[in-house]
There are 2 protein chains.
Amino acid sequence: MALPIPGKPVRGSKSGQPIMALFDLLGRNWAMGIIWNLNEGSCTFRELQNRCETVSPTTLNVRLKELTSAHIIERTLDGYALTPFGKELFDLLLPIGKLAKGWSEKF
Amino acid sequence: MALPIPGKPVRGSKSGQPIMALFDLLGRNWAMGIIWNLNEGSCTFRELQNRCETVSPTTLNVRLKELTSAHIIERTLDGYALTPFGKELFDLLLPIGKLAKGWSEKF
DNA sequence: AGTGTTGCTACATTTTATGTAGCTTTGACA
DNA sequence: TGTCAAAGCTACATAAAATGTAGCAACACT
């Protein structure tokens, strides 16, 4: 799938509003899970595979390339890691995690 | 796709941690876009189709059923609407929208 | 040389999403 | 009361993505 570029048509918006471009990216299978898991610390491809439990190497690799192109993650000597922007994004995902706990009681 | 039920295995977590169940749901095509667009006000199926620009009725219908089962949206006399929980969720999505603007300048 | 780990790629299969058509119901209006 | 438009879908064929399993090449260690 092509990288969603803000300003150009993406899934959800012909004008490519930034939020829609980001939703396009984050909405892809495993994207948020990868960010979530990477926040626990930089790690190798295979370690990340373990943390994500059921992701296939194919999908993981595609997602990693996309997230890297989008400056959300990067490769360091320790392996894959969140960029400063990726960390900001994680910080915004965190309250959603808290909300999810309350939500889970509805089931 | 089956509804992700927190506490049961979902994409991303065999134990079904709430955040993973929610990510599973939100990560599906158009889920976040629907929430985003519904915040502008309750509306009909066809109006929502217009707001989402390029969603197919098939996908929209599937997503609406899932989000309804998950208590994120509901049907009212005005059509589809965010539930109180859906609004809380939107409020957490909002700052991501702001972050997206800064992000878009990286391209 | 032999063994283990890492970071992938290949590829067949299964799942999802898309796009176009169009059916059914409801309600307004002449 | 006929008809016209809009709403809320469903059907179905096609295209696009994800999955799962295997395994290869590069490197480290012994």
Side-chain angles (χ1 to χ4, degrees), chain A residues 1-5 9-14 16 20-21 23-38 40-70 73-81, chain B residues 1-5 9-14 16 20-21 23-38 40-70 73-81:
Chain A
M1 207 163 17
L3 241 210
I5 308 294
V10 298
R11 289 191 308 181
S13 163
K14 288 172 188 161
M20 286 302 172
F23 279 173
D24 182 353
L25 193 63
L26 294 181
R28 294 175 184 187
N29 225 335
W30 284 102
M32 289 190 289
I34 290 170
I35 294 170
W36 190 263
N37 281 305
L38 264 189
E40 291 172 23
S42 314
C43 69
T44 65
F45 185 94
R46 276 181 132 97
E47 164 62 15
L48 193 50
Q49 235 184 321
N50 287 337
R51 291 189 192 172
C52 291
E53 299 183 63
T54 59
V55 71
S56 69
T58 319
T59 304
L60 181 57
N61 189 38
V62 171
R63 250 355 48 96
L64 285 174
K65 283 180 180 166
E66 290 170 355
L67 292 172
T68 301
S69 298
I73 65 177
E74 63 190 347
R75 296 199 66 168
T76 67
L77 293 177
D78 294 334
Y80 290 97
Chain B
M1 209 165 9
L3 242 209
I5 307 293
V10 298
R11 288 190 310 180
S13 163
K14 286 172 189 161
M20 287 302 174
F23 280 172
D24 182 352
L25 193 62
L26 293 182
R28 293 173 186 189
N29 224 336
W30 284 102
M32 289 190 289
I34 289 170
I35 294 170
W36 190 263
N37 282 303
L38 263 189
E40 292 171 21
S42 314
C43 69
T44 65
F45 185 94
R46 277 180 129 100
E47 164 62 16
L48 193 51
Q49 235 185 318
N50 286 337
R51 290 188 193 171
C52 292
E53 299 184 62
T54 59
V55 70
S56 70
T58 319
T59 305
L60 180 57
N61 190 38
V62 172
R63 241 17 29 106
L64 284 175
K65 282 179 180 164
E66 289 169 356
L67 292 172
T68 301
S69 298
I73 65 178
E74 63 190 345
R75 295 197 67 168
T76 67
L77 294 177
D78 293 335
Y80 290 98

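Quick note on labels: first sequence line is chain A, next is B, and so on, each numbered from 1.
Here C:dG22 presents its P atom at 20 Å from CG of B:Asn61, a figure rounded to the nearest Å. Between B:Phe45 atom CZ and D:dT10 atom P there is a gap of 8 Å when expressed in whole angstrom units. Between A:Arg51 atom CZ and C:dT6 atom C1' the separation is 15 Å, expressed in whole Å. At whole-Å resolution of the value, CZ in B:Arg46 and P in C:dC23 are 14 Å apart. The distance between atom CG of B:Asp78 and atom P of D:dG8, rounded to the nearest whole Å, is 11 Å. Across the protein-nucleic acid pair, B:Glu47 atom CD and D:dA7 atom P stand 9 Å apart, rounded to whole Å. Between the P atom of D:dG8 and the NZ atom of B:Lys65 lies a distance of 14 Å, rounded to the nearest Å. For A:Leu60 and D:dG20, the CG to P distance is 13 Å, given to the nearest whole Å.
A 4.5 Å side-chain heavy-atom check between A:Asn29 and A:Arg63 finds at least one atom pair inside the cut-off.
With B:Glu53 contributing its side chain and A:Lys14 its backbone, the two residues share a donor-acceptor pair below 3.5 Å.
Note that the CG atom of A:Leu26 and the CG atom of B:Leu26 stand 10.5 Å from one another [nearest 0.5 Å]. Separation of atoms OG1 (B:Thr44) and CD (B:Gln49) is listed at 9.0 Å; rounding is to 0.5 Å. For the atom pair CH2 of B:Trp30 and CG of B:Asn37, the computed distance is 7.5 Å after rounding to the nearest 0.5 Å.
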Filtered N/O pairs between nucleotides 17-21 of chain C and protein, under 3.5 Å:
residue: C:dA17; atom: OP1; partner: B:Arg63; partner atom: NH1; Å: 2.9
residue: C:dA17; atom: OP2; partner: B:Arg63; partner atom: NH2; Å: 3.2
residue: C:dA17; atom: O3'; partner: B:Asn29; partner atom: ND2; Å: 3.1
residue: C:dT18; atom: OP2; partner: B:Thr59; partner atom: OG1; Å: 2.9
residue: C:dG19; atom: O6; partner: B:Thr58; partner atom: OG1; Å: 2.7

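Residues B:Gly33 and B:Cys52 share a closest heavy-atom pair of O-SG, 4.5 Å.
Phosphate proximity of C:dT6 to A:Arg75: absent, as no side-chain N or O sits under 4.0 Å from OP1 or OP2. For C:dC8, one of the phosphate oxygens OP1 or OP2 lies less than 4.0 angstrom from a side-chain nitrogen or oxygen of A:Tyr80.
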